[in-house]
Amino acid sequence: MSDRWWRDAVLYQVYPRSFSDANGDGIGDLAGVTERLDYLEWLGVDAVWLNPIHPSPNVDWGYDVSDYTGIHPDLGTLADLDRLVSESNARGIRVLLDLVPNHTSARHPWFRERPDFYVWADEVPNNWESIFGGGSAWTYDDARGQYYLHNFAAQQPDLNWWNPEVAPEFERILRFWFDRGVAGFRIDVAHAIYKDRELRDDPVIPGLGMRRRYSMFRPETHDILQSWRTLAEMYDPPRLLLGEAYSLDVEQWAGYFGEQGDELDLAFAFMLTHADLDAAQMRTIVAEVEAALPADAWPCWTGSNHDIGRLATRWADGDDARVRCALMMLLTLRGTPCLYYGDELGLTAGEVPENRILDVAQPSRDPGRTPMPWTAEGGWHNPWLPLSDTSRNVEEQRDERDSTLQFTRDLIALRRRLASLRKGVYVELPAPTGAWAWTRGDDIAVALNLGSELVEIDGIDGSIELSSNRARDGEHVNSLTLMPFEGAIIQRQH
């Protein structure tokens with residue numbers, strides 16, 4: 001396999017507690033993921049990213065880590081993880097873990113045994129605000145008699161990367177997992193590792209609010225990412241660093257690849273997820289991303305995740321035609337696509353009543369984390385979050401030729417078959433209002449009608465390899481007519 005295998009790959013995000021439950025306790029687990037590897041191989045994905053699997057009090061469901069080299073007992077054991085990696089690799093599927101370097105749980109032994117690993121102050125030193133719940137990002141600790149920093153929940157104290165002993169601990173953590181065969185990491189809040197050494201106030205812009213210039217986005221973070229990249233490339237094959245560099249400023253975001261391409265291998269382009277499913281908005285963002293990326297850099301496109309919710313709800317309002325357009329876009333832009341479990345079904349946000357909400361954030365992210373429906377009955381027994389709608393499920397969609405699941409599988413297979421969809425340059429084509437069209441390489445064109453009126457796109461001659469309207473597969477066109485929320489991939493004639 002290629003050293004930079006991720007450039008050809010389709011990634012698939014698994015929220016372990018909600019994916020598949022092997023022992024029937026209502027909580028998804030690592031053994032459950034292993035049991036579903038045949039499904040993932042059938043779907044055609046190349047790598048699975050697991051949300052945090054480490055021991056945690058679960059204030060933020062694993063993002064408050066209390067042991068970076070262990071496995072949460074709800075999810076299994078190290079042996080279960082080793083088996084998942086081994087059986088995944090046997091199917092040509094790699095396993096990525098989630099690394100949380102910005103903060104730990106307040107119950108991590110470091111918080112009491114190595115308080116110098118954290119950021120402390122005798123008095124609240126600045127105006128920094130907590131992302132979870134608002135208010136000050138500083139909380140008083142009675143035991144120490146000082147305030148500690150937490151950019152997220154109060155139970156998630158931020159690490160002090162100015163302490164020279166913190167970085168070696170994380171190199172040890174990376175090596176621990178790389179040595180076990182883990183193919184790489186998705187790096188949580190990769191933009192926030194360092195804080196301003198002087199703890200200066202974040203600027204507040206009238207009408208726009210606070211800009212996290214000093215509490216996050218510090219230049220020293222780039223040094224850490226470079227060092228991790230050097231470490232990752234010591235392995236054969238090199239391990240992947242996929243960053244959550246959550247900036248909507250395209251130039252700032254692109255900086256996390258490194259001026260020499262020596263930081264992140266991939267970074268989620270969240271600018272797109274903040275857009276509507278709108279041709280004008282989206283093609284403008286893609287053009288900005290293409291222009292800002294350093295030479296030879298590679299973006300990662302996604303429409304859903306555990307924080308932002310499900311594309312089938314946010315972009316498509318539950319409409320399968322719109323879902324298919326979104327999936328076609330994600331899987332045919334230049335870059336690496338990442339699907340969130342259930343995207344392939346057109347799975348919408350679940351219903352979680354007030355008395356079942358477990359999330360620390362407001363508004364709750366739980367509707368985007370409800371269990372994967374495997375059968376018409378769900379395939380779960382008393383799941384940890386409610387599974388109230390199983391109308392879109394794996395069992396029935398696998399048996400239906402025209403289902404969104406089968407469409408997604410065929411789309412992934414086509415991407416694997418046509419090199420231009422993986423490697424070809426992106427060039428935008430002229431298109432009427434509401435439509436968006438582009439080429440990948442010399443031989444492939446992609447066109448989407450994201451508007452409410454029929455459109456005709458001139459200059460596209462060839463055969464439709466795949467349409468969101470499956471009746472059109474194989475049709476020859478010399479100008480392409482698309483109904484509202486219809487998309488097509490065309491093998492062009494020359």
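For this chain, numbers begin at 1 and follow the sequence in order. Computation of the quantities below employed the complete heavy-atom set of this structure, encompassing side-chain atoms and omitting hydrogens, waters and symmetry-equivalent molecules.
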**Report entry** Qualifying residue for side-chain contact (heavy atoms from CB on, under 4.5 Å) with Leu50, from Val182, Leu96, Leu75, Val95
**Finding:** Val95
Report task. Run the numbers on Tyr68 and Phe176 for ring-ring contact (aromatic ring centres under 6.0 Å, His included), then give the verdict. Result -> CA-CA 10 Å; Tyr68 284 97; Phe176 177 88; over 10 Å; no
Query raised in the report: Quick one: does Thr230's side chain have a donor or acceptor within less than 3.5 Å of a partner on Gln226's backbone?
Result: yes
Query raised in the report: Which value, rounded to the nearest 0.5 Å, describes the distance between Leu43 atom CG and Asp38 atom CG?
Result: 12.5 Å
**Report entry** Residue pair Thr439 / Ile444, side-chain heavy-atom distance below 4.5 Å
**Finding:** no
Requested in this report: Report the C-alpha distance between Trp374 and Arg36 in whole Å, list the side-chain angles of each, state the deciding distance to 0.1 Å, and finish with yes or no for side chain to side chain contact (heavy atoms under 4.5 Å, CB included).
Outcome: CA-CA 10 Å; Trp374 292 101; Arg36 301 297 181 177; 3.5 Å; yes
Query raised in the report: So, is the end of the Arg283 side chain (NZ or CZ) under 6.0 Å from the ring centre of Trp438 and within 45° of the ring's axis?
Result: no
**Report entry** Side-chain heavy atoms of Leu333 within contact of Met329, under 4.5 Å
**Finding:** yes
**Report entry** Phe217 backbone acceptor or donor facing Thr221 side chain under 3.5 Å
**Finding:** no
Query raised in the report: What's the shortest heavy-atom distance between Ile71 and Gly76, and which atoms?
Result: CG2-O, 3.5 Å
Query - Sidechain-backbone polar pair: Asn449 side chain, Glu453 backbone, donor-acceptor under 3.5 Å - result: yes
Requested in this report: Please round to the nearest 0.5 Å and tell me the distance separating atom CZ of Arg417 and atom CZ of Arg422.
Outcome: 11.0 Å
Report task. Tell me whether the guanidinium CZ or amine NZ of Arg310 lies under 6.0 angstrom from the six-membered ring centre of Trp315 and within 45° of its axis. Result -> no
Report task. Please examine the side chains of Leu418 and Gln491, heavy atoms only from C-beta on, and report whether any two atoms are closer than 4.5 Å. Result -> yes
Query raised in the report: Rounded to the nearest 0.5 Å, what separation is found between the CG atom of Leu241 and the CD1 atom of Ile187?
Result: 4.5 Å
Report task. Output every pair passing salt bridge (Lys or Arg N to Asp or Glu O under 4.0 Å) with a member in residues 484-493, not counting sequence neighbours, ordered by first then second residue. Result -> Arg472-Glu486
Query raised in the report: Between Val425 and Arg440, is any pair of side-chain heavy atoms under 4.5 Å apart?
Result: no
**Report entry** Ion pair Asp307/Arg365, N-O distance below 4.0 Å
**Finding:** yes
Requested in this report: Drop me the distance from Thr302's OG1 to Leu272's CG, to the nearest 0.5 angstrom.
Outcome: 9.5 Å
Requested in this report: Dump the intermediate steps for salt bridge (charged side-chain N to carboxylate O under 4.0 Å, His left out) on Asp98 and Arg186, then the final yes or no.
Outcome: CA-CA 5 Å; Asp98 218 318; Arg186 176 264 189 188; 2.9 Å; yes
Requested in this report: Working to the nearest 0.5 Å, report the span between CG of Leu311 and CG of Leu327.
Outcome: 6.0 Å
Query - Any side-chain donor near an acceptor of the partner, Thr336 and Trp301, under 3.5 Å - result: no
Query raised in the report: Does any non-hydrogen side-chain atom of Trp6 lie less than 4.5 Å from one of Asp46?
Result: no
Query raised in the report: Between CD of Gln397 and OG of Ser403, what distance do you get to the nearest 0.5 Å?
Result: 4.5 Å
Report task. Could you walk me through whether Leu466 and Asp410 pass the side chain to side chain contact (heavy atoms under 4.5 Å, CB included) test, one step at a time? Result -> CA-CA 8 Å; Leu466 182 66; Asp410 291 347; 4.2 Å; yes
Report task. Might you work through the side chain to side chain contact (heavy atoms under 4.5 Å, CB included) test for Leu248 and His274, ending with a clear yes or no? Result -> CA-CA 9 Å; Leu248 303 184; His274 282 263; 3.6 Å; yes
Query raised in the report: Side chains of Thr332 and Arg415: closer than 4.5 Å at any heavy-atom pair?
Result: no
List, one per line, each side-chain donor-acceptor pair under 3.5 Å for residues 10-18, sequence neighbours excluded.
| from | atom 1 | to | atom 2 | distance (Å) |
| --- | --- | --- | --- | --- |
| Tyr12 | OH | Glu344 | OE2 | 2.7 |
| Gln13 | NE2 | Asn51 | OD1 | 2.9 |
| Gln13 | NE2 | His306 | ND1 | 3.0 |
| Tyr15 | OH | Arg369 | NH1 | 3.3 |
| Arg17 | NH1 | Asp74 | OD2 | 3.2 |
| Ser18 | OG | Arg369 | O | 2.4 |
| Ser18 | OG | Trp384 | NE1 | 3.0 |

Report task. Could you pull out the closest heavy-atom pair between Ile193 and Ile224, with the gap in Å? Result -> CD1-CG2, 4.3 Å
Requested in this report: If a pair satisfies salt bridge (Lys or Arg N to Asp or Glu O under 4.0 Å) and one of its residues is in residues 284-293, list it, with sequence neighbours excluded.
Outcome: Glu290-Arg334
Report summary line: Looking only at heavy atoms, the pair that brings Asp343 and Ser304 closest together is OD1-OG, 2.9 Å
Query raised in the report: Would you call Ile457 and Leu429 a side-chain contact if the rule is heavy atoms closer than 4.5 Å?
Result: no
Query raised in the report: Are Ser247 and Gln252 close enough that a side-chain donor and a side-chain acceptor fall under 3.5 Å?
Result: yes
**Report entry** Heavy-atom donor-acceptor pair, Asp29 side chain to Gly32 backbone, under 3.5 Å
**Finding:** yes
**Report entry** Over all atoms of both residues, closest heavy-atom pair of Glu377 and Thr390
**Finding:** C-CG2, 4.2 Å
Query raised in the report: Looking at side-chain heavy atoms only, is the closest gap between Leu242 and Leu264 below 4.5 Å?
Result: no
Query - Side-chain donor or acceptor of Asn469 paired with backbone N/O of Ala471 under 3.5 Å - result: yes
Report task. Determine whether the side chains of Ser467 and Asp473 contain a donor N or O and an acceptor N or O closer than 3.5 Å. Result -> no
Query raised in the report: Salt bridge check: are Asp296 and Arg4 linked by an N-O gap of less than 4.0 Å?
Result: yes
Query - Exercise: do Asp80 and Thr77 side chains pair donor with acceptor under 3.5 Å - result: yes
Requested in this report: Indicate the atoms forming the closest heavy-atom contact of Leu387 with Gly378, along with that distance.
Outcome: CD2-CA, 3.7 Å
**Report entry** N/O donor-acceptor pair under 3.5 Å between Gln406 side chain and Arg398 backbone
**Finding:** yes
Query raised in the report: So among Phe268, Tyr340, Tyr341, which one has a ring-ring contact (aromatic ring centres under 6.0 Å, His included) with Trp49?
Result: Phe268
Query raised in the report: With a 6.0 Å cut-off on ring centres, are His191 and Tyr246 close enough?
Result: no
**Report entry** Stepwise ring-ring contact (aromatic ring centres under 6.0 Å, His included) check, Trp61 with His72
**Finding:** CA-CA 11 Å; Trp61 297 102; His72 197 295; 8.5 Å; no
Query raised in the report: Regarding Gln493 and Asp461, is there a side-chain donor-to-acceptor distance under 3.5 Å anywhere?
Result: no
**Report entry** Leu482 vs Leu454, side chain to side chain contact (heavy atoms under 4.5 Å, CB included): CA-CA, chis, key distance, verdict
**Finding:** CA-CA 6 Å; Leu482 293 175; Leu454 180 145; over 6 Å; no
Query raised in the report: So, Thr375 and Asn393: side-chain donor and acceptor under 3.5 Å apart, yes or no?
Result: no
Query raised in the report: How about Ser479 and Glu456: does a side-chain donor come under 3.5 Å of a side-chain acceptor?
Result: yes
Query raised in the report: Does Asp265 come within less than 4.0 Å of Arg7, counting only side-chain N to carboxylate O?
Result: no
Query raised in the report: Between the side chain of Arg229 and the main-chain N/O of Glu263, is any donor-acceptor distance below 3.5 Å?
Result: yes
